[in-house]
Amino acid sequence: MTLARKNLLLIFAVVVLTIMPLIMITDSEFGGADGAAEEVILQIKPDYEPWFPVLWQPPGGETESLLFALQAAIGGAFLGYYFGIKKGLAGK
């Protein structure tokens, strides 16, 4: 099997793994870890008050999602750069 064929199979597998949950899970309302943690805290101690107020609240859910995606992209770029440098140094 050639390298190009292996890469095509891997790309196909990634596409299938990306699309399958969208098809199989019809109720795709996913909550974040912050919301789940807040629910647990309120179950444990309903009168809980945060230690300090939130410094900045994003203006909407879309902005919050954008910032989360930006954070993930920056993290992915950093990891890609780091491993690329490591591989380049190992090849010398």
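Because the structure is predicted, anything quoted here is derived from the model rather than measured.
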According to a 4.5 Å side-chain heavy-atom criterion applied to Ile, Leu, Val, Met, Phe, Trp and Tyr, with indirect links allowed, do Leu10 and Val16 form part of one hydrophobic cluster? no
Check whether Phe52 and Ile41 end up in the same hydrophobic cluster, where Ile, Leu, Val, Met, Phe, Trp and Tyr are linked by side-chain heavy atoms less than 4.5 Å apart. yes
Separation of [Y] [atom2] from [X] [atom1] (nearest 0.5 Å):
| X | Y | atom1 | atom2 | answer |
| --- | --- | --- | --- | --- |
| Met20 | Ile25 | CE | CD1 | 10.0 Å |
| Lys87 | Leu89 | NZ | CG | 12.5 Å |
| Leu17 | Phe12 | CG | CZ | 10.0 Å |
| Leu3 | Asn7 | CG | CG | 4.5 Å |
| Leu67 | Glu62 | CG | CD | 11.5 Å |
| Asp34 | Glu39 | CG | CD | 11.5 Å |

Side chain to side chain, Tyr48 and Pro46, heavy atoms closer than 4.5 Å: no
With heavy-atom distances below 4.5 Å as the criterion, would you say the side chains of Gln71 and Ile74 are in contact? no
Which residues, ordered by chain and number, are linked to Met1 in its hydrophobic cluster, where ILVMFWY side chains connect at heavy-atom gaps below 4.5 Å, directly or through other members? Leu9
Those residues at least two apart in sequence (or on a different chain) that pass side chain to side chain contact (heavy atoms under 4.5 Å, CB included) with Thr18 are Val14
More than 12 non-hydrogen atoms from neighbouring residues, nucleotides or ligands closer than 6.0 Å to CH2 on Trp56, yes or no? yes
